[in-house]
2 protein chains.
Amino acid sequence: MSNEGRSKRADARRNEKTLLAAAAAVFVTSGVDAPVRDIAAKAGVGMGTIYRHFPTRADLIIAVYRHQVDACAEAGPALLADSESPHTALRKWINLFVDFLVTKHGLAEVLRSDKGGFDTLHTYFLDRLVPVCAELLDAAAAAGEIRSDLTALQLMRGVGNLCIGADDPRYDARQLVDVLIAGLRRSR
Amino acid sequence: MSNEGRSKRADARRNEKTLLAAAAAVFVTSGVDAPVRDIAAKAGVGMGTIYRHFPTRADLIIAVYRHQVDACAEAGPALLADSESPHTALRKWINLFVDFLVTKHGLAEVLRSDKGGFDTLHTYFLDRLVPVCAELLDAAAAAGEIRSDLTALQLMRGVGNLCIGADDPRYDARQLVDVLIAGLRRSR
DNA sequence: AGACAAACGGAACATCGCTCCATTATCATA
DNA sequence: TATGATAATGGAGCGATGTTCCGTTTGTCT
C-alpha cells in the first residue's frame, strides 16, 4: 500500500505526494478528522483519488506521520543506552511520544479506538511502538525500579488516552503523564 | 429544564418518562452516542419530541445518569469521614467514579471534549464532582500524603481520559487509574 | 499515432444531527 | 359537557459528511 516505487503511473505518484502535503497542511489547521472534501480541495484532486490512494483515513494519517513514528521508535534503544537508568530512559521516551501526540490536533482522539474503522491506525502505532516500550519497561523492571504488573500495551494506551484533549489550555497532559510514570515506581 | 413538577401537560410528562426509559435502554446496547432516530423510535415518538424535552444530547445523558452522578458526589464526604486516611478515601472515591464510567459505554468518550456541543455534559460532571474531588485532594495534601501540584480538575480529566476504551478486554482502565493515584503519593 | 489500461473527478447515495411548522391533543373555562 | 386557546407532537426536509461508482481523461507502450 502507498507504493513509492516506480510501479505506478507518473500522475499517480505525483498525486500521492500532493495528497500527503495537502493532508499534512489541513491536519495542522483542522485536525486529523478534517472533512475528506477539504483535503481533496486543498490538493486540487477529486475525492475518488483520495480513496484510491488511501482506502481509509487511517492509511492517510499513517502515511503522513510514518516518519515521525519511526523516529520515535528508533529513539528508544538510543535513550536506553545513553541514560543513567532505565527508568529515566523510559520517562524520556514517553515524553518524546507525548510531545509528538499533543502537537497533532485530534490524533490522540482517533488513536484510542477500534471504533469507526481506525483499527489500522491503532494497530500500526501499537505494532511500531509497543515493542520499544516493552524493551524500556523490561529493563526498568529488571533493574527493580518499577512495578512489573503493567504491560507495555497498557502503558501506551494509558499515555495515549491522557493526551486526549490536550488542546485545552486548562488541561496539561504532560503533567498527568508525569504522575502516571511516577506511579510506576516500585513502592517503598 | 426537564421539569418534573406539575407544570407541564400530562402527555408531556408521560413522554419525558418514556424517553428517559428508552434512552437508558438504547444507551446500554448502542452506547451514549446512539442515533437520535433510534431513541425516538424506541420510545415511539417523533424526533421533534426528543429535542423539545432535551435540546442537546448532553441534556438527555445528564437526565439519564443524574441520580448516579449525585450518588457519587455525595459519597465523597462519607468516605473521607470513614476512611483511615485521606489518601485512602481519595482512592476509594476515584474507584467509585471509575466503576460508574466504565459501565456506561461511550460515556467517557463524550465526557472528554468541549467539541461537538457536549459542553453542557462536560460542565455538569465537572461542576458536580470537581468540588468533591478537591475536598478529598486538599485533605490528602494537608496530611502530607500526596504532591500538591495537581488540581482537582486535572485529576478528574485524567481519570476520565483513562476510562476511554474500557470496553476492550485487553485494556484495564482500573489498573491504570491505580497507577495514576499511586503516582500522587509524595515522593520519599 | 493509436490503443489500451490506469487513474481521475465528482455526481450520487447513505447516514446523521437538527429545524420547522402543519397537525393533534390537552385542559381551563363557560 | 362543549369549546377554543395553546401546548405538544411528528416527521419531512436541510445541511454536512463518508463512501461508492462509473463515464471520462491521461499516461504509456508499441
Side-chain angles (χ1 to χ4, degrees), chain A residues 1-20 22-23 26-27 29-61 63 106 109-110 113-121, chain B residues 1-20 22-23 26-27 29-61 63 106 109-110 113-121:
Chain A
M1 54 185 73
S2 297
N3 194 338
E4 310 237 337
R6 280 289 118 135
S7 55
K8 302 206 286 195
R9 251 169 55 174
D11 54 345
R13 248 177 294 125
R14 183 165 8 102
N15 272 331
E16 186 164 319
K17 298 249 195 263
T18 307
L19 271 173
L20 281 177
V26 173
F27 283 174
T29 65
S30 309
V32 296
D33 39 35
V36 184
R37 279 172 175 76
D38 291 1
I39 302 172
K42 180 86 173 184
V45 304
M47 291 179 307
T49 304
I50 288 200
Y51 282 100
R52 178 158 327 91
H53 286 283
F54 309 100
T56 75
R57 180 186 296 274
D59 294 319
L60 180 55
I61 298 177
E109 279 85 340
V110 302
S113 171
D114 305 327
K115 257 315 195 21
F118 287 93
D119 226 28
T120 317
L121 184 62
Chain B
M1 53 188 73
S2 300
N3 194 336
E4 310 237 337
R6 281 287 119 139
S7 53
K8 303 206 285 194
R9 251 170 55 174
D11 54 344
R13 248 177 293 123
R14 183 164 9 100
N15 270 332
E16 186 164 320
K17 298 249 195 263
T18 307
L19 271 173
L20 281 177
V26 173
F27 284 174
T29 65
S30 308
V32 295
D33 39 34
V36 184
R37 281 171 173 79
D38 290 1
I39 303 171
K42 179 85 171 185
V45 305
M47 291 182 311
T49 305
I50 288 200
Y51 282 102
R52 173 177 327 284
H53 286 282
F54 308 99
T56 75
R57 178 188 296 274
D59 294 320
L60 180 55
I61 298 178
E109 279 85 342
V110 302
S113 170
D114 305 326
K115 259 309 192 31
F118 287 92
D119 227 28
T120 317
L121 184 63

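Because only heavy atoms are used, hydrogens play no part in the values below, and waters and symmetry mates are left out as well, while side chains stay in. Residue numbers begin at 1 in each chain, while the letters A, B, ... track the order of the sequences.
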[X] has an atom [atom1]; how far is it from atom [atom2] of [N], in whole Å?
| X | N | atom1 | atom2 | value |
| --- | --- | --- | --- | --- |
| R57(A) | dT19(D) | CZ | C1' | 12 Å |
| R14(B) | dG10(D) | CZ | P | 10 Å |
| Y51(A) | dC22(D) | OH | P | 17 Å |
| L60(B) | dC16(C) | CG | P | 17 Å |
| F54(A) | dT20(D) | CZ | P | 16 Å |

When you compare the protein's N or O atoms with those of nucleotides 11-14 of chain C, which come within less than 3.5 Å of each other, and at what distance?
from	atom 1	to	atom 2	distance (Å)
dA12(C)	N6	R37(A)	NH2	3.3

Is I39(B) close to F54(B) at the side-chain level, that is, under 4.5 Å between some pair of heavy atoms?
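Result no, sub-4.5 Å side-chain heavy-atom pair not found.
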Restricting to nitrogen or oxygen on both sides, can you table the protein-nucleotides 6-8 of chain C pairs closer than 3.5 Å?
from	atom 1	to	atom 2	distance (Å)
dA6(C)	N3	R9(A)	NH1	2.5
dA7(C)	OP1	R9(A)	N	3.3
dC8(C)	OP1	N15(A)	ND2	2.4
dC8(C)	OP2	R52(A)	NH1	3.2
dC8(C)	OP2	H53(A)	NE2	3.2

Ignoring hydrogens and geometry beyond distance, is a side-chain donor-acceptor pair present between N15(A) and T18(A) at under 3.5 Å?
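No, no side-chain donor-acceptor contact under 3.5 Å.
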So among R13(A), R14(A), K8(A), R9(A), which one has a side-chain hydrogen bond (donor to acceptor under 3.5 Å, both in side chains) with D11(A)?
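Testing each of R13(A), R14(A), K8(A), R9(A) against D11(A), the sole residue satisfying side-chain hydrogen bond (donor to acceptor under 3.5 Å, both in side chains) is R9(A).
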Spell out, as yes or no, whether a donor-acceptor pair under 3.5 Å connects the side chain of [X] to the backbone of [Y].
| X | Y | result |
| --- | --- | --- |
| T29(B) | V26(B) | yes |
| R37(B) | M47(B) | no |
| R57(A) | A34(A) | yes |

By salt bridge (charged side-chain N to carboxylate O under 4.0 Å, His left out), which residues pair with D38(A), not counting sequence neighbours?
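Residues passing salt bridge (charged side-chain N to carboxylate O under 4.0 Å, His left out) with D38(A): none at all.
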Of the listed nucleotides (dC27(C), dG17(C), dT17(D)), which one gets closest to any side-chain atom of A10(B)?
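For A10(B), the side-chain atoms sit closest to dC27(C).
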